[in-house]
Amino acid sequence: MYDAFPEEKVIGVYRMTTPCLLLRDLDVIKHIMIKDFDSFVDRGVEFSKSGLGMNLFHADGDTWRVLRNRFTPIFTSGKLKNMLYLMLGRGDIFVNYINEICNKRPTELETHSLVQKYTLATISACAFGIDLDSFTPENMKTLETVDKLIFTSSYAIELDYMYPGILKKLNSSLFPKKVTDFFDGLVKTVVKLRDGMPTNRKDFMDLLLELKQQDKITGPKKLENEKEKIVELTESLIAAQAFVFYAAGYETSATTMSFLLYELAKNPDVQEKAYEEIDTTLKKYNGEMTYEMLNELKYLENIVAETLRKYPLVEPLQRNAAIDYKIPGTEVTVKKGQTVLISPFGIHNDEKYYKNPEKFDPERFNPENSKERHPCAYLPFGVGPRNCIGMRFAKLQSHVCIAKLLSNFRVTPSKKIYG
Ligand code: HEM
């Protein structure tokens with residue numbers, strides 16, 4: 001649809017029976033996502049906001065503001081630095097696991113399910129404090145069960161597109177009861193094991209428990225006469241956040257890294273250059289993978305950025321209008337309650353912004369090549385105050401995985417497929 005109307009700034013589309021607007025023009029996107037964000041805070045997914053529905057991704061309005069305000073500090077570089085040891089540990093287990101397979105007999109490995117093991121183990125360690133010492137089938141079983149539960153479609157969203165508001169009217173959730181019970185149970189167990197207090201692990205659960213010490217959390221300071229929104233930090237609220245960190249953080253990263261390895265296999269020159277950079281930087285740091293060392297991998301950073309350009313995963317981005325809003329530079333008015341959509345895939349593959357978009361070219365993200373780029377021409381993590389809160393976590397996690405992998409192995413295309 002994005003490609004079908006190259007001259008239009010905004011296009012009307014239907015999602016099932018619900019009319020929406022697809023925004024194509026980058027300045028229009030900037031207005032809605034950044035400048036006039038206050039009129040477009042929500043994503044407009046209406047369903048019961050109790051239980052897991054209280055998660056940051058689905059929260060609305062003032063509740064979202066309070067949660068976002070309080071959770072932003074748990075994703076700072078200092079906090080991530082403290083969590084790095086958990087990622088490095090999972091990276092070592094990952095390398096050992098591949099070594100064991102390859103030492104038995106040379107074999108071809110399917111990359112997506114392989115990297116899933118790493119991201120699943122990393123996010124479980126960081127979000128819940130679940131430790132795995134190896135990727136044995138028994139160890140992976142619980143995690144795979146949760147995985148199936150979360151990613152089995154329930155068609156609730158489609159139902160809402162067809163009959164807008166029906167989930168809210170029926171006080172229905174997007175999440176099956178089994179998923180809610182699992183995360184509630186998990187958080188209860190972890191909180192009990194830690195006596196309700198943060199430990200020395202410094203994972204997300206610790207950071208949430210630290211916040212829980214305050215009992216109630218409030219949003220950013222508002223105008224004088226306005227009432228401050230207060231959110232009680234219950235165990236079920238913590239479960240909802242643990243759930244969303246898990247759900248939003250694991251599959252997105254696994255898919256990104258499998259696309260990345262696919263492109264490295266097809267572009268051996270890029271792979272060699274990445275390896276050289278990792279090798280030289282590791283030597284500079286006496287073979288130790290530290291936070292600073294990983295941050296120095298600028299070419300790898302460009303590879304991750306180019307992977308996310310070619311294969312953005314969250315499609316479409318969406319916001320819901322809180323007021324009737326006339327779109328600047330057009331005659332179109334978004335009606336209050338209407339949802340606007342943005343297609344990162346359409347934009348990232350538009351010749352207007354990226355010449356020869358099919359080509360995998362990490363150099364596009366060199367500072368000199370990206371300085372003229374419109375801020376809304378690159379949207380893998382969304383844009384504006386409601387962008388991805390886990391972006392830095394995702395980048396660090398990818399750097400650890402790829403640096404560990406390339407220090408030990410090379411990837412080549414499967415002979416079964418490429419002959
Ligand atoms: C390559 C990995 C990832 C990609 C591509 C990705 C992408 C996105 C995108 C596009 C959004 C919506 C932004 C918008 O609407 O403007 C989002 C939101 C979000 N992501 Fe990520 N994400 C990734 C990893 C993570 C990780 C690791 C976490 C947590 C540990 C995470 C947690 C979240 C949360 C909580 C939100 C909702 C933020 C809010 O509404 O305030 N994501 N992500």
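Position 1 is the first residue of the sequence, and the numbers go up from there. For ligands, and for the atoms within them, numbers begin at 1 and follow the listed sequence.
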Heavy atoms only, cut-off 4.0 Å: how does [X] contact ligand 1, side chain, backbone, both, or neither?
X: Leu56; answer: both
X: Arg43; answer: side chain
X: Arg68; answer: side chain
X: Val383; answer: backbone
X: Phe57; answer: both
X: Pro380; answer: backbone

Worksheet item: Which distance, rounded to the nearest 0.5 Å, do you find between the CZ of Phe245 and the CZ of Phe57?
Response: 13.0 Å

Considering only protein heavy atoms, which is closest to [atom], and at what distance to one decimal place?
atom: atom 26 (C) of ligand 1; answer: Gly249 CA, 3.4 Å
atom: atom 25 (C) of ligand 1; answer: Ala248 O, 3.6 Å
atom: atom 15 (O) of ligand 1; answer: Arg319 NH1, 2.8 Å
atom: atom 17 (C) of ligand 1; answer: Cys388 CB, 3.5 Å
atom: atom 23 (C) of ligand 1; answer: Thr252 OG1, 3.6 Å
atom: atom 6 (C) of ligand 1; answer: Phe381 CD2, 3.7 Å
atom: atom 28 (C) of ligand 1; answer: Gly390 CA, 3.6 Å

Worksheet item: Do the ring planes of Tyr325 and Phe40 sit parallel (below 30°), tilted (30 to 60°) or perpendicular (above 60°)?
Response: perpendicular

Item to complete: Can you label the angle between the Tyr118 ring and the Phe94 ring as parallel, tilted or perpendicular, going by 30° and 60°?
Response: tilted

Under a 4.0 angstrom heavy-atom cut-off, which atoms of ligand 1 come close to [X]?
X: Ile389; result: 34 (C), 35 (C)
X: Val314; result: 7 (C), 8 (C), 9 (C), 10 (C)
X: Thr256; result: 1 (C)
X: Asn387; result: 13 (C), 16 (O), 38 (C)
X: Gly382; result: 10 (C), 13 (C), 14 (C), 16 (O)

Any [X] heavy atom less than 4.0 Å to ligand 1:
X: Gln241; answer: no
X: Gln397; answer: no
X: Trp64; answer: yes

Worksheet item: Pick from Asp27, Leu23, Ile29: which one makes a side chain to side chain contact (heavy atoms under 4.5 Å, CB included) with Cys376?
Response: Ile29

Item to complete: Examine distances only and state if a side-chain atom of His31 and a backbone atom of Asp36 form a donor-acceptor pair shorter than 3.5 Å.
Response: no

Item to complete: Over all heavy atoms of both residues, which pair between Glu232 and Leu237 is shortest? Give the atoms and the distance, please.
Response: O-CD2, 3.8 Å

Fill in: Lys NZ or Arg CZ of Arg309 over Phe365 ring: under 6.0 Å, within 45°
no

Item to complete: Validate the cation-pi geometry between Arg24 and Tyr2: distance from NZ or CZ to the six-membered ring centre under 6.0 Å, angle to the ring axis within 45°.
Response: yes

Item to complete: Answer yes when Glu363 and Lys273 have at least one side-chain N-carboxylate O distance shorter than 4.0 Å, and no when they do not.
Response: yes

